[in-house]
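In listed order, ligands and their atoms are each counted from 1. Atom set for the values below is all heavy atoms of this structure, side chains included, hydrogens, waters and symmetry mates excluded. All values reported here derive from a predicted model rather than from experimental measurement.
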Amino acid sequence: MDPANEPVVDMLNQIADILEITGSDRFRPIAYRRAARTVEALPKPVSEYVSDGTVSQLSGVGEAIAAKITEFVKNGRLEYLENLRRGIPPGLLELLKLQDVGPKTVGKLFAELKITSIDELQKACIEHRIRGLKGFGEKTEEKILQSIAFYRSSSARYLLSDADAISEKLVSYLKPFSSKIEVAGSLRRRKETVGDIDIIVSAADPAKVMDAFTGFGETDVVLSKGETKSSVKLKSGMQVDLRVVDESSYGAALLYFTGSKDHNVILRTLSIDRGFKLNEYGLYRRKNDSVEAGRTEEEIYSALGMDFIPPELREARGEIDAATNHRLPVLVEPDDIRGDIHCHTDWSDGSNSLEDMVSAAERIGYSFIGISDHSRSVRVANGLSEERMVSQIERIERLNKSGRFRTRVLCGSEVDILPDGHLDYSDRLLSRMDYVIASIHSKFNMEEKEMTDRILTAFSNDYLTVFGHPTAREIGKREQIAFSKEKVFSAAAEKSVLLEINGSPERLDLNDSLIIEASKYGCSFIASTDSHHTSSLSNMRYAVSMARRGWLEKGKVANTLDLSHFLGAIGARR
Ligand code: DGT
Ligand code: CA
Ligand code: CA
Ligand code: ZN
């Protein structure tokens, strides 16, 4: 989605949510959601359609909704929505953030039990008052309690991509005041979610940096302001800590505040064993307190007899031993990636045409791009019937023959793994594709044994190339599906099914710890973006971050191969 359209999409969906909660109308919520989907898929900011007066001609956007979009774009607010919001208790909208709790459920909980907040809902579950409602049972109470626990454990953290966006803005804003500046903390380690942002700066005039920092346009509250450390809370709710340090201590501070805490603890102990003392100011000889190192991280690691440890590995998972024995992996890098084979186009639920997608891939410099639209069962995503799939295959063959693009177009599909484990297309059709990504998009709640069988059945299809977003989790929204890691990962290794590292910011699936686990079974991986828009092709960096946190070298990531070897690698599976 064009980022400028996000507030408009949220606004339309929120109107639909409130209308559905109050149950005042059956059809208007559907209309608002349809309009939201249209705006989501627009190739440019909706404000441009407002300016040239074409907004009411967009599909699913009638005069009434067009007027609301126009008011919202012009004023940044919408009177109608504000009235709707005033008409319900504010806590009801937060209830919607719980997994498996939709507007109809919220409406019912409010109408029948007067529940207006997560706390009240929790209490009602514990007191078994939910099971008395029509259509609800003991199971529902358990599930709601789980959703509440999950929501509370994840809501205080932010997506890596959101933290990236704001920190990049902040760093370039502070750069003119700094001689050195870098992001530290979990964000520098590329952790999948970030609690707060940490920034380290050296500057000729520290007071000036601090003033600039606390005056940043997106600051909501200044939590503290000092000579060496300040903290602010941004309008998005995110907290940022800024530390100004002397250049002679810059490396030591960066090392300390990059963490992780567990990594630091081991480093400090090891420093003591070697006759040093390590803190955020430097590495000192214990016998006379003289400075051994501090300007750069490299210098400190090297004084301790270690190779430089990439931030993504600093999680106390054996990296310190590996660095001491000069056995750190040579991690895969963004530049190693030669292509992306998980991309959707407007043939299914993507926003851009096939040709636009290919030309965006060509601009990145990829040698190949794979088109993998949804299969027929995914109706909400406009999945391709077998006939449409055949015409897409033929279209791609013609496109390759035409020589219009230097980037080779591969034709695949993201095929649903149906509840019984069968794939959503006939083998005859699958045999005509360059590759097949098989993913789960339905019945996420199966018990572990049933889900494991479902996946293993899918793996028994020889056309399957990639297991897409293997755990199906969405960060903060949907938990991982349950399956036996041992059975699924060993089957993937045996049948040479590639495990996807999906770089879509809310998925990051597999994540670092599962990559490490799967590696123990000898699995190979493929990094991809699951792009629904040309602009999301750049999310490859998140897939690479997860791969790096998962200790992967380039040799374990299939799409670092050049085209002919890559074709060999996926063709070998036929
Ligand atoms: P987060 O913000 O929860 O995503 O995770 P971090 O790792 O960014 O943690 P944060 O912001 O609390 O602190 C940044 C780094 O500072 C942390 O990774 C290690 C270092 N640090 C903070 N407090 C301590 C501490 O008490 N002991 C040690 N050894 N290191 C600390
Ligand atoms: Ca942090
Ligand atoms: Ca912090
Ligand atoms: Zn998918």
Completion exercise
Between D198 atom OD2 and D196 atom O, the angle centred on the Ca ion (ligand 2) rounds (to 10°) to 100°
Fill in the blank from the handout: Taking the Zn ion (ligand 4) as the apex, NE2 on H469 and NE2 on H441 give an angle, to 10°, of 90°
Handout entry: salt_bridge(E500, R507) N-O dist < 4.0 Å
Key = no
Practice task
Return the name of the atom in D241, of element N, O or S, nearest to the Ca ion (ligand 3).
Solution key: OD2
Handout entry: Quiz item: cation-pi between K495 and F459, 6.0 Å / 45°
Key = no
Exercise for the section: Check the angle between the aromatic planes of Y173 and F216 and answer parallel, tilted or perpendicular using the 30° and 60° thresholds. Expected result: tilted
Exercise for the section: Could you confirm whether E414 has any N/O/S atom lying under 2.8 Å from the Zn ion (ligand 4)? Expected result: yes
Completion exercise
Output for pair (R190 CZ, R549 CZ), nearest 0.5 Å, gives 10.0 Å
